[in-house]
Amino acid sequence: MKDSLKIIRFFFTFCCFTFISIPLVYFLRNVLGMTLDGSNTSDLLLVDTIHSVILVAIVIFLYFDKLKDGIKKIKAMGGESFAKKVIISGLLLFVVKIGAGIVTGILSAILGLDSMSVENQELVEEMLKSAPLIMMISVSIFAPITEELIFRAGIGDVVKNKKVFIAVSGLIFGLMHVTSSVVLLMEILLIGI
């Protein structure tokens, strides 16, 4: 695929990722008459589920070639080797998360800043309590597929330099989780990178 088409595909996908909820909420409010004021967790859960399904379908459709290539690589690598890499990567991410938490805790103490949680995280936890199965599917299947295809495959198509790619994809992923806490924002950016 030509580079200009890859750039267009990425920006279109990113716009869908960012703005698809606007027509969805409009439809649910004005056509179906739902009240989506944030007071009803089940309504928010419905919006999140519909949003996740639509978004994962769009992203898979647009990046099917990347998904297919990735599956071929996994098959060529072998199941056991792939499982080892997933486990090692998961453990490494866990260590990075702990390290980033320690660094932000130290910075919070030194600078006298509050280390607040991201509002989005609190909402996800509340919805997880009300419908654990639906949220587990959304958070552990739909979100990772969507985010990996957009922030790895999509940005990887646009940014060719590996170091710049790592910085840009981590920065954009981290900024998606913007918070008013500078310390927490640094933690999120570290984890994103």
Side-chain angles (χ1 to χ4, degrees), residues 1-25 27-28 45-97 100 120-121 124 127-128 131-178 188-193:
M1 186 181 282
K2 293 188 181 224
D3 287 342
S4 58
L5 289 177
K6 290 178 181 180
I7 293 169
I8 292 169
R9 175 172 71 170
F10 168 72
F11 281 111
F12 178 75
T13 308
F14 190 76
C15 286
C16 287
F17 180 81
T18 307
F19 300 113
I20 197 85
S21 59
I22 295 170
L24 175 62
V25 169
F27 175 79
L28 293 173
L45 182 62
L46 176 65
V47 172
D48 180 69
T49 303
I50 295 170
H51 177 266
S52 295
V53 169
I54 291 170
L55 194 57
V56 80
I58 290 170
V59 172
I60 287 174
F61 175 75
L62 291 172
Y63 284 98
F64 188 74
D65 61 323
K66 295 288 186 176
L67 193 58
K68 196 169 138 181
D69 289 345
I71 291 169
K72 283 181 186 177
K73 287 178 184 177
I74 291 169
K75 286 181 181 179
M77 184 185 305
E80 187 176 317
S81 178
F82 176 72
K84 284 180 186 177
K85 285 189 179 207
V86 168
I87 291 169
I88 290 169
S89 298
L91 291 173
L92 182 61
L93 181 60
F94 182 69
V95 169
V96 168
K97 172 69 175 146
N120 187 34
Q121 181 66 28
V124 167
M127 290 191 297
L128 184 60
L133 181 61
I134 293 171
M135 282 307 294
M136 290 301 290
I137 291 169
S138 179
V139 170
S140 62
I141 296 173
F142 291 156
I145 290 171
T146 301
E147 291 170 356
E148 286 299 314
L149 287 172
I150 293 173
F151 296 101
R152 300 286 183 249
I155 294 175
D157 274 351
V158 176
V159 179
K160 299 299 180 195
N161 183 300
K162 188 174 181 175
K163 290 178 183 176
V164 174
F165 161 72
I166 291 169
V168 168
S169 66
L171 182 65
I172 293 173
F173 183 79
L175 288 174
M176 274 183 14
H177 301 88
V178 172
I188 291 167
L189 290 174
L190 281 173
I191 293 167
I193 291 172

Please determine whether the number of non-hydrogen atoms from other residues, nucleotides or ligands lying under 6.0 Å from atom NZ of Lys73 exceeds 12. no
Within this structure, what is the [atom1]-[atom2] distance for the pair [X] and [Y], rounded to the nearest 0.5 Å?
| X | Y | atom1 | atom2 | result |
| --- | --- | --- | --- | --- |
| Lys85 | Glu80 | NZ | CD | 13.0 Å |
| Ile20 | Thr13 | CD1 | OG1 | 11.0 Å |
| Ile8 | Phe11 | CD1 | CZ | 10.0 Å |
| Leu5 | Phe12 | CG | CZ | 13.5 Å |
| Glu147 | Leu55 | CD | CG | 9.0 Å |

If you look at every heavy atom in [X] and [Y], which pair is closest and at what distance?
| X | Y | answer |
| --- | --- | --- |
| Ile58 | Cys16 | CG2-SG, 4.2 Å |
| Ser169 | Ile155 | CA-CD1, 3.8 Å |
| Val159 | Val164 | CG1-CG1, 3.5 Å |
| Val53 | Phe142 | CG2-CE1, 3.6 Å |

Is it true that Phe17 and Phe151 have ring centroids separated by less than 6.0 Å?
-> yes
Close side-chain approach of [X] and [Y], heavy atoms under 4.5 Å:
| X | Y | answer |
| --- | --- | --- |
| Lys160 | Asp3 | yes |
| Leu149 | Ile145 | yes |
| Thr146 | Ile150 | yes |

Review point. Would you call Arg9 and Asp65 a salt bridge, using N to O less than 4.0 angstrom?
Key: yes
Under the criterion side chain to side chain contact (heavy atoms under 4.5 Å, CB included), I'd like the reasoning laid out for Ile50 against Ile54: C-alpha separation, chi angles, the key distance, then a yes or no. CA-CA 6 Å; Ile50 295 170; Ile54 291 170; 3.6 Å; yes
Contacts satisfying side chain to side chain donor-acceptor pair (under 3.5 Å) that involve residues 49-59 (not counting sequence neighbours) are Ser52-Ser138
Working note: Phe165 + Arg152, criterion side chain to side chain contact (heavy atoms under 4.5 Å, CB included); need CA distance, chi angles, decisive distance, verdict. CA-CA 9 Å; Phe165 161 72; Arg152 300 286 183 249; 4.2 Å; yes
